[in-house]
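Here the structure comes first, spelled out in C-alpha cells, and everything after it is commentary.
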Amino acid sequence: MEQTFSEVISSIPWGIVAPLLVIQSILLIVALVDWFRIESTNGPKWVWLIIILFFNIPGPILYFLIGRRNDG
Amino acid sequence: MSFIHVQHLKKQFDGTAVIEDVSFELEKGMCVSLLGPNGAGKTTTLRMLSGLMKPTSGLITFEGKSNKEDIRSWIGYLPQYPVFHNWMSGREFLIYVARLARLSKKEAASRADQLLQKVGLHEAKNRRIGKYSGGMKQRLGIAQAMIHRPKLIMLDEPVSSLDPNGRREVLNLIEELKKETTILFSTHILSDAEEVSDRLLLLHNGILHHSGTIEELQATQAVNRIIIEFESHSEQYIEQLISLPEVLQVEPHGDALYVEVNKIKDARSAILQQAVEHHWPLTSFEIGRLSLEELFMKVVNE
Amino acid sequence: MQWMTLFQKETLENWRNFKWLWVPITFILVAALDPVTTHYLPVILEKSGELPEGAILDLPTPTPPEAFLLSFGQLNLLGVAVVLLMTMGIIAAERKSGVTELILVKPVSYTAYITAKWASTLVLIFFSLFLGLLTSWYYVNILYGDLAFSIMIGSFFLYSVWITFVLTISIFMNVFFKTPGLVGFLSVALIILINSLNGLVSRFIDGYPPQINAYIREYVINGSTSGDLWLTLIITLLLIGVLLISSVLIFRKKELAA
C-alpha cells in the first residue's frame, strides 16, 4: 500500500501541477493575512479560521465571499 | 433676505402623516435650530430638504429653484448616524466627496486639508476611518458636509450621541461655522439650541409650532410675572403689594415674592414707586420670563 | 470627471479588500481544476489500488476541445455563483449601512453611481475570466493536445457577454432590495430559472441569452457556429442595456433614506 501511494505521488508530474499549487497557497495566505487584520467577521471569527485552514480552496473563497465584512 | 422657502411640506409613510404641515423660511447667515422631542419629524424634514426623501406634497424653493430640480450642490448634510467607507482614511474620504461635488483634483486636496485642520483631525488624517472615535467621526461628518462650500448646511442631531467632551468640541465648531454659512441643525436638547442658534423652529408631531427668535417665542407665551427679592422677611411686603390695583396675586418663595400682574409696564412703575417710597430693602427686581424649557413644554402641551 | 471618481473608488476598494487577488485566483482554479484532475484521474484511481483486481479502467480520454469545455461547465456553476455572491451587496449593502446618505446628497449622478459600480466589477471579472481560460487552455495543450489560441480568445469573448448578463441581473436586484442576502438569493434563483427554461424557450425562439453556452460548445468543438449566434448576442446585449437603464430609473425613484 505504501508502495502504491508513493507511486501515485511520483506518477504526477509536479512540474506541471506546481503552478496551481502555488496559486492555491497564495489564496490561502491572502485569506489568512486578511483574517488576521480584520476586526470582525460575519459569525464567530475563529470559525472562519478553521474554514480557511481545513477546507482547502473553497474555504478561503467562502471566507472572502461571505465571512468577510466589507465595512470592517 | 430669505433664500429658502418651505411651503406646506407634508410627508406620509403608508398613509400616516409624519409631517403634517411645515412652512418656514431661512435667511442667509442664520443659525437655526430645529427643535422637537424624539419622533417629532425632525429627521424627515431634514431629509426632504436634502433631497434624500421626496415630500408627499409641498414645495421647497432654494434661491428660486424648486425641489423638482437638483439642489444638492448648494446643500451640505450630516445625518444623525453618519456611516463612512471605513476602509478609507479621513483625508481620502474628504477628497472623494469633494471630487463627487465636482471640485478639481487640486481644489479637493487643499479643501480637504484645510477642513481637516479646522475640525481638528489633522493628526488622524491618514488613519482608517474605522479606527476613529464617535466624536472624530462626527467632526469628519461636519467636514464632509462643508467640503463644497454649500450655502446651507444641515446637521441632524450633531451632538446628541456624543460624550460631554465631544459635545463641547462640536458645539464650538458649529459656533465657528456660523461665520461662514447658513446652518440648520436639529436637536431635542434645549440648551444646545439656546446656546448656538439665533432662531428656533419648534416642531412637534409633524407640526411647526413656532418659527422665530427665542425672544419672539417668549413674547408669544409671556406670563406677567415680576420676581422681587428682598434682603429678608419678604412676607411683610405682601399686603402692600396686594393692595396695588395692578397686582393680581402674590406668592412667597423664600426671600423672593412672585407677583402676578395685569400689565407688566404699569405694574413695574407702581411697584418700584412703592419700593422707593417705603425704602424696601430690594436685592433684585426681575421681569419674569419662562425658561426655554418651560416655553417648550407649554407649546408642546397646548 | 465624476464617473471616473466613482470608478476609481470602486477599483481602490477592490484592491483594499483583496478582490483583485482572490477573484482572479478563484477563476483560475475553477477553470483549470477540471481539465487537470480529469487527466490524472485514471492514473490516480489505478495506482491507488481502489479498483477491484482485474477491473479494466475504461475512461475515454477527452479530446482537447472537450477538456477545454470542462472549464465552462465549472464556470457556469462556480464562476456564476462567485459573481452573484460577490456583488450581492454592491449597492444594497451601501444603502443598508447608510453610507449612501453621505454620498448621494452630494450632486452625484445616479447613472454614474450605478454604471461605475457595474463597470469596475466588469473589468475585474473580465480580467479573472481571461486568466482562468488562459490557464485552462495552457493545461489542455500540455495534457491533451493542441487547441488553437484563437478558440480560447473567441470563447472568452462569447462567455464575457453571458457573464455580463449575470452581473447585470445582480445589479438590477441590488436596486430593489436593501438586504444583500436576499439580493444574492433572488439573483441565484433568477439565473437558475433562466437557465432551466433554456430548453423550452429555445424550441420556439432564437436569441435566448443562455443559448450562448451552446454556441460556445459548438464554437470550441467545430471552430465555427451554426444558427444565429449574432442574434443571441445582440438580444443579450440589448437586455443588458435595458436592465441597466431600468436599474438607474428605479434607483432614481427610490427613497434613499428610510
Side-chain angles (χ1 to χ4, degrees), chain B residues 11 13-14 18 43-44 46-56 69-89 92-105 108 128-130 137 140-145 147-148 150 152-154 156, chain C residues 1-22 86 89-117 120-121 124 175 178-180 248-258:
Chain B
K11 179 69 185 178
F13 292 110
D14 307 321
V18 173
T43 299
T44 309
L46 294 183
R47 279 176 172 172
M48 285 192 283
L49 281 168
S50 72
L52 280 170
M53 270 185 188
K54 291 158 186 88
T56 308
E69 296 165 69
D70 196 350
I71 53 172
R72 292 177 297 174
S73 336
W74 314 113
I75 286 174
Y77 174 63
L78 173 66
Q80 186 169 3
Y81 306 105
V83 179
F84 302 89
H85 290 300
N86 280 340
W87 52 272
M88 285 188 181
S89 72
E92 280 172 337
F93 189 81
L94 287 185
I95 292 176
Y96 173 52
V97 290
R99 297 283 288 144
L100 290 181
R102 302 206 160 84
L103 268 67
S104 74
K105 235 179 200 146
R128 285 179 56 231
I129 300 173
K137 280 186 182 171
L140 182 66
I142 290 176
Q144 67 78 32
I147 196 91
H148 53 311
L152 168 69
I153 110 163
M154 294 190 286
D156 195 359
Chain C
M1 203 178 130
Q2 195 182 52
W3 192 89
M4 276 315 285
T5 305
L6 289 158
F7 181 82
Q8 280 163 0
K9 173 257 167 188
E10 293 297 321
T11 308
L12 182 68
E13 186 170 8
N14 287 343
W15 269 115
R16 298 253 171 108
N17 60 26
F18 295 115
K19 276 206 179 85
W20 274 99
L21 267 169
W22 72 262
M86 175 178 85
I90 191 165
I91 295 165
E94 286 199 357
R95 280 180 63 207
K96 197 180 180 191
S97 78
V99 68
T100 42
E101 272 194 72
L102 289 190
I103 302 305
L104 294 177
V105 288
K106 295 284 180 279
V108 173
S109 138
Y110 297 115
T111 313
Y113 178 77
I114 288 180
T115 54
K117 280 180 179 295
S120 68
T121 314
L124 171 65
V175 170
K178 280 212 290 193
T179 314
V248 173
L249 293 178
I250 294 161
F251 195 60
R252 206 173 274 166
K253 290 263 178 291
K254 283 258 160 184
E255 300 264 79
L256 295 170

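This structure is a prediction, so every number in the text was calculated from the model and none was measured.
- If you measure heavy-atom distances from C/Met1 to chain B, the contacts under 4.5 Å come from the backbone alone.
- Inter-residue side-chain proximity for C/Pro107 and B/Arg102 is flagged as met; some heavy-atom pair is nearer than 4.5 Å.
- Interface summary for chain C: among B/Ala145, B/Pro79, B/Ala101, the most heavy-atom pairs under 4.5 angstrom belong to B/Pro79.
- For C/Trp20, the side-chain contact (heavy atoms from CB on, under 4.5 Å) test picks out C/Thr11, C/Asn14, C/Trp15, C/Val123, C/Leu124, C/Phe127, with sequence neighbours left out.
- Inspection of the C/Gln2 and C/Tyr113 side chains reveals no N or O donor paired with an N or O acceptor under 3.5 Å.
- Among residues two or more places apart in sequence or in another chain, the ring-ring contact (aromatic ring centres under 6.0 Å, His included) test is passed with B/Phe93 by B/Phe84.
- Here C/Glu13 does not pair with C/Lys19 in a salt bridge; the nearest charged N to carboxylate O distance is not below 4.0 Å.
- For chain B, no part of C/Gln8 is nearby; none of its heavy atoms comes within less than 4.5 Å.
- With a threshold of 4.5 angstrom between heavy atoms, B/Ile147 approaches chain C through side-chain atoms but not through N, CA, C or O.
- Proximity to chain C is absent for every atom of B/Tyr81, based on heavy atoms less than 4.5 angstrom apart.
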